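One structure is given below, encoded as structure tokens.
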Amino acid sequence: MSVESEQDLAALKAIGKIVADTLRLLREQVAPGVTTARLDQIARRYLERNGARPAPELTYNYPGATCISVNDEAAHGVPGKRRLQPGDVVKLDVSAEKGGYFADAAITVGVPPVAKATAELIAAARRARDAGISAAVAGQPLSAIGDAAETVAREGGFVIIEELPGHGLGRGLHETPSVPSHRDPTASQPLTDGLVITVEPHLTTGSGALAEAPDGWTLRTRNRARVAAFEHTIVVTRSRPIVVTG
Ligand code: MF3
Ligand code: CO
């Protein structure tokens with residue numbers, strides 16, 4: 001969607017804050033021995049108490065309120081009996097709807113103690129996301145986002161997973177346009193004032209190719225390399241974007 005009114009912006013910010021607060025709550029609960037199902041339950045309750053609905057369930061009948069992807073699971077990890085272990089890389093991805101508006105955000109948390117290489121992967125993923133956001137200015141090509149994110153990833157010796165782009169959203173979870181997280185000169189259309197999109201580069205090592213797990217949802221790296229990702233929902237403007245899930 002494109003923001004057309006103060007009401008649009010206020011409603012997006014309302015669901016954006018609930019999503020951001022849910023992630024803060026989950027991050028505090030990440031510890032050895034905790035199951036991903038327990039984290040999902042905490043998120044579900046928080047969303048419910050705040051009048052929000054989990055978007056994956058609402059949109060795709062996904063079997064969970066949140067996506068929790070550990071280590072080589074790149075995205076769409078289904079919460080379950082898995083217990084977190086020291087050194088794990090945990091992607092917490094929360095998307096939700098309230099009053100017909102959607103927001104989507106993700107963070108990566110390491111379960112201490114985290115290996116140095118893993119900490120570097122996580123830090124680079126956050127920097128890549130933030131560089132992508134800074135490049136999202138109305139009038140610039142859509143490809144500016146992936147150019148910026150990939151530059152940061154490469155500096156750290158990492159690659160961007162091409163199969164996991166960002167996306168438009170707002171009145172639904174996934175809308176046009178698809179937002180390449182990697183360098184993609186074909187994404188030449190100009191970003192427009194008010195456009196609502198996610199910026200969500202997923203960083204890893206090796207080829208970045210993915211395979212679907214037998215559960216039909218979880219996407220793993222084929223080479224079993226670990227993945228880190230950060231995501232915000234933003235509104236494009238003529239200057240700095242508005243970070244809805246900040
Ligand atoms: N934030 C995730 C994404 O944009 C939400 C996925 S919903 C799922 O890909 F149902 F597809 F898992
Ligand atoms: Co998303």
Side-chain angles (χ1 to χ4, degrees), residues 1 12 15-16 18-23 26-27 36-37 39-40 43-44 46-47 52-70 73-80 82 90-98 101-109 125-126 128-130 132-133 136 142 145-146 149 160-182 187 195-204 208 210-221 227-236 241 243-246:
M1 69 174 283
L12 277 173
I15 185 58
I18 292 167
V19 166
D21 289 344
T22 306
L23 284 172
L26 290 185
R27 183 175 52 194
T36 55
L39 297 174
D40 191 63
R44 177 184 295 284
Y46 188 82
L47 292 173
R53 293 189 289 176
E57 211 171 70
L58 186 64
T59 310
Y60 299 108
N61 273 314
Y62 174 86
T66 62
C67 300
I68 304 180
S69 309
V70 182
E73 296 169 354
H76 306 166
V78 178
R82 181 175 191 151
V90 187
K91 275 83 63 189
L92 305 166
D93 186 341
V94 176
S95 51
E97 174 269 354
K98 183 171 182 165
Y101 289 82
F102 289 73
D104 183 2
I107 58 173
T108 300
V109 184
R126 181 189 283 275
R129 191 270 315 264
D130 292 344
I133 290 173
L142 182 60
I145 295 168
I160 303 273
I161 298 176
E162 298 188 8
E163 293 174 57
L164 296 172
H167 48 94
L169 77 165
R171 306 302 314 230
L173 174 58
H174 292 129
E175 299 176 349
T176 55
S178 177
V179 179
S181 298
H182 68 291
L195 183 68
V196 186
I197 55 173
T198 68
V199 176
E200 51 175 310
H202 291 66
L203 273 64
T204 188
L210 302 181
E212 194 178 274
D215 65 17
W217 290 101
T218 310
L219 296 169
R220 281 210 174 81
T221 54
V227 177
F230 287 82
E231 174 179 19
H232 270 317
T233 296
I234 66 168
V235 181
V236 174
V243 180
V244 168
T245 47

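Note that ligands are numbered from 1 as they come in the structure, with each ligand's atoms numbered from 1 the same way. Everything numeric here is computed off the predicted structure, so don't read it as measured data.
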#### Entry: Heavy-atom pair with the smallest gap, counting every atom of T218 and G77
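Heavy atoms of T218 and G77 come nearest at OG1-CA, 3.7 Å.
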### Query
I160 and P201: which non-hydrogen atoms are nearest, and at how many Å?
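It is CD1-CB, 3.9 Å.
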### Summary
H167 heavy atoms within 4.0 Å reach ligand 1 at atoms 4 (O)
### Query
What are the atoms of ligand 1, with element, lying closer than 4.0 Å to any heavy atom of W217?
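Per the distance check, 10 (F).
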Residue, atom name and distance, where the atom is the protein heavy atom closest to [atom]:
atom                   : result
atom 7 (S) of ligand 1 : P56 CB, 3.7 Å
atom 2 (C) of ligand 1 : D93 OD2, 3.3 Å
atom 9 (O) of ligand 1 : H76 NE2, 2.9 Å

### Message
Could you tell me if the side chain of L164 sits less than 4.5 Å from the side chain of L219, heavy atoms only?
### Response
yes
### Message
In this structure, is the centre-to-centre distance between the rings of H174 and Y60 below 6.0 Å?
### Response
yes
#### Entry: Reported NZ-to-CD distance for the pair K91 and E73, which is rounded to 0.5 angstrom
7.0 Å
### Message
Under a plain distance cut-off of 3.5 Å, with no hydrogens placed, do T66 and D40 share a side-chain donor-acceptor pair?
### Response
yes
#### Entry: Donor + acceptor pair across side chains of E231, H202 (<3.5 Å)
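No, no side-chain donor-acceptor contact under 3.5 Å.
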### Query
What is the name of the N/O/S atom in E231 that sits closest to the Co ion (ligand 2)?
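That would be atom OE2.
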#### Entry: Identity of the N, O or S atom of D104 lying closest to the Co ion (ligand 2)
OD2
### Task
Indicate if the distance from the Co ion (ligand 2) to the nearest N, O or S atom of H167 falls below 2.8 Å.
yes
#### Entry: N/O/S atom of E200 inside 2.8 Å of the Co ion (ligand 2), strictly under
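Within the cut-off used here (under 2.8 Å), E200 does place an N, O or S atom near the Co ion (ligand 2).
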### Message
Against the six-membered ring of F102, is R171 placed for a cation-pi contact (under 6.0 Å from the centre, within 45° of the normal)?
### Response
no
### Query
What part of C67, side chain, backbone, both or neither, has a heavy atom within less than 4.0 angstrom of ligand 1?
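C67 to ligand 1: side-chain contact only, backbone stays beyond 4.0 Å.
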### Task
Please work out which of H202, K91, H174 has its closest non-hydrogen atom nearest to atom 3 (C) of ligand 1.
H174
